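Worksheet for the structure shown next.
In this text the structure is predicted, and so the values were computed from the model without any measurement.
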Amino acid sequence: MPLIKFDLIEGRNDAQIRTLLDAAHEAMVQAFQVPPSDRYQVVTQHRPGELVLQDTGLGYTRSADVVLLTVVSRPRRQEQKTEFYRLLTEKLQVACGLSPDDLIVSLVENTDADWSFGRGRAQFLTGEL
């Protein structure tokens, strides 16, 4: 049940956003072996100038199509993380035409006690999940 937050510069239509979400979910399912029904995604769109994402001195060229993904997830192995980055980049390039230079990912780990899916319960801790 990783939670994926997408920060985008406004301008994409609904179909483009859905394609972006679908491609990211496919990469998540493949890399982290989560069930396909485990889908938690949030999109926040920003006016130009409200999202400043430079290249950290790596020589990347960012465009108005830049995507910042924040992934909140239970701990994952390093191999799973690198596979996720690779698959995500590949799928977004194929499905959305997104340049690899326009994708930034930050993975934030938490534990089972940090999730409640409703009803005031910690389903991982209670054994419901």
Side-chain angles (χ1 to χ4, degrees):
M1 65 290 343
L3 167 64
I4 306 178
K5 296 178 170 189
F6 298 76
D7 284 283
L8 315 170
I9 296 171
E10 61 189 9
R12 289 176 170 88
N13 64 39
D14 290 345
Q16 291 170 320
I17 290 173
R18 184 59 188 210
T19 301
L20 183 75
L21 298 177
D22 289 346
H25 184 66
E26 287 176 21
M28 180 70 59
V29 168
Q30 282 184 256
F32 293 163
Q33 291 83 48
V34 298
S37 62
D38 242 352
R39 189 166 180 169
Y40 299 89
Q41 299 173 312
V42 178
V43 174
T44 303
Q45 297 190 62
H46 304 270
R47 292 191 321 257
E50 292 182 345
L51 197 59
V52 178
L53 302 168
Q54 296 178 339
D55 74 356
T56 314
L58 297 170
Y60 300 145
T61 303
R62 308 274 192 225
S63 77
D65 291 332
V66 68
V67 175
L68 172 62
L69 257 65
T70 304
V71 180
V72 181
S73 174
R74 299 163 91 184
R76 306 290 173 172
R77 294 186 324 274
Q78 181 176 327
E79 297 80 18
Q80 289 178 299
K81 293 175 188 180
T82 56
E83 180 66 358
F84 173 65
Y85 302 146
R86 185 191 69 74
L87 284 169
L88 181 65
T89 301
E90 178 182 289
K91 289 180 181 298
L92 291 178
Q93 188 171 24
V94 170
C96 306
L98 187 73
S99 166
D101 285 4
D102 277 333
L103 178 61
I104 303 168
V105 181
S106 178
L107 204 146
V108 180
E109 294 182 337
N110 61 16
T111 66
D112 290 352
D114 298 313
W115 292 94
S116 172
F117 295 93
R119 299 184 179 168
R121 301 177 59 80
Q123 288 83 357
F124 284 128
L125 299 180
T126 63
E128 295 167 78
L129 281 176

(request) Could you tell me which non-hydrogen atom of T19 sits nearest to which non-hydrogen atom of C96, and how far apart they are? (result) CG2-SG, 3.8 Å
(message) Return the CG to CD1 distance between L51 and I9, rounded to the nearest 0.5 Å.
(response) 5.5 Å
(request) Measure from the side-chain N and O atoms of R62 to the backbone N and O of D101, and report whether any donor-acceptor pair falls under 3.5 Å. (result) yes
(request) Kindly give the heavy-atom pair with the smallest separation between V71 and P2, and that separation in Å. (result) CG1-CB, 4.2 Å
(message) Taking atom CZ as the centre, does R86 end up with more than 12 heavy-atom neighbours from other residues, nucleotides or ligands that are less than 6.0 angstrom away?
(response) yes
(message) Count I, L, V, M, F, W, Y as connected when their side-chain heavy atoms are under 4.5 Å apart, and connections chain through other members. Are Y40 and L129 then in the same cluster?
(response) yes
(message) Students often mix this up, so state it plainly: with edges at 30° and 60°, are the rings of F124 and F117 parallel, tilted or perpendicular?
(response) perpendicular
(message) Please determine whether residues L68 and I17 belong to a single hydrophobic cluster, defined as Ile, Leu, Val, Met, Phe, Trp and Tyr linked transitively by side-chain heavy-atom distances below 4.5 Å.
(response) no
(message) How long is the straight-line distance from OG1 of T82 back to CZ of R76, given to the nearest 0.5 Å?
(response) 13.5 Å
(request) Tell me whether V34 is reachable from L69 by hopping between hydrophobic residues (I, L, V, M, F, W, Y) whose side-chain heavy atoms are closer than 4.5 Å. (result) yes
(request) Kindly give the heavy-atom pair with the smallest separation between A23 and K91, and that separation in Å. (result) O-CD, 3.7 Å
(request) Identify, with sequence neighbours excluded, every residue that meets side chain to side chain contact (heavy atoms under 4.5 Å, CB included) alongside N13. (result) A15, Q16
(request) Report the distance from atom CG of L87 to atom CE of M28, rounding to the nearest 0.5 Å. (result) 10.5 Å
(message) Within this structure, what is the NE2-CD1 distance for the pair H25 and I4, rounded to the nearest 0.5 Å?
(response) 8.0 Å
(request) Please report the closest heavy-atom contact between G118 and Q123, naming both atoms and the distance. (result) O-NE2, 2.9 Å
(request) In sequence, state the C-alpha distance, the side-chain angles, and the governing distance for D22 and R39, and then conclude on side-chain contact (heavy atoms from CB on, under 4.5 Å). (result) CA-CA 10 Å; D22 289 346; R39 189 166 180 169; 2.6 Å; yes
(message) For D112, is there an ion pair with R74 - N to carboxylate O distance below 4.0 angstrom?
(response) yes
(request) Could you state whether F6 and V66 fall into the same hydrophobic cluster, counting links through intermediate Ile, Leu, Val, Met, Phe, Trp or Tyr residues with side-chain heavy atoms under 4.5 angstrom apart? (result) no
(request) State, with a plain yes or no, whether a side-chain heavy atom of D55 is found less than 4.5 Å away from one of T61. (result) no
(request) State plainly whether the residues E109 and K81 are in salt-bridge range, i.e. N to O under 4.0 Å. (result) yes
(request) May I ask you to decide whether D14 forms a salt bridge with R18, counting only side-chain N to carboxylate O separations under 4.0 Å? (result) no
(message) Under the criterion side-chain hydrogen bond (donor to acceptor under 3.5 Å, both in side chains), I'd like the reasoning laid out for Q30 against E83: C-alpha separation, chi angles, the key distance, then a yes or no.
(response) CA-CA 9 Å; Q30 282 184 256; E83 180 66 358; 5.9 Å; no
(message) If you compare all heavy atoms of D65 against all heavy atoms of L98, which two are closest, and at what distance to 0.1 Å?
(response) O-CD1, 3.3 Å
(message) Within the structure provided, determine whether L103 and Q93 are in side-chain contact (heavy-atom separation under 4.5 Å).
(response) no
(request) May I ask you to check whether over 12 heavy atoms, not counting those of E128, lie within 6.0 Å of atom CD? (result) yes
(request) Write down the atom of Q45, the atom of G11, and the distance for their closest heavy-atom approach. (result) OE1-N, 3.6 Å
(request) To the nearest 0.5 Å, tell me how far D7 CG sits from E50 CD. (result) 10.5 Å
(request) Can you establish whether the number of heavy atoms outside E79 located under 6.0 Å from its atom CD is more than 12? (result) yes
(message) Could you measure the distance from the OH atom of Y60 to the CD1 atom of I104? Nearest 0.5 Å is fine.
(response) 9.5 Å
(request) Kindly work out whether a path of hydrophobic side-chain contacts (I/L/V/M/F/W/Y, heavy atoms less than 4.5 Å apart) joins V67 to V72. (result) no
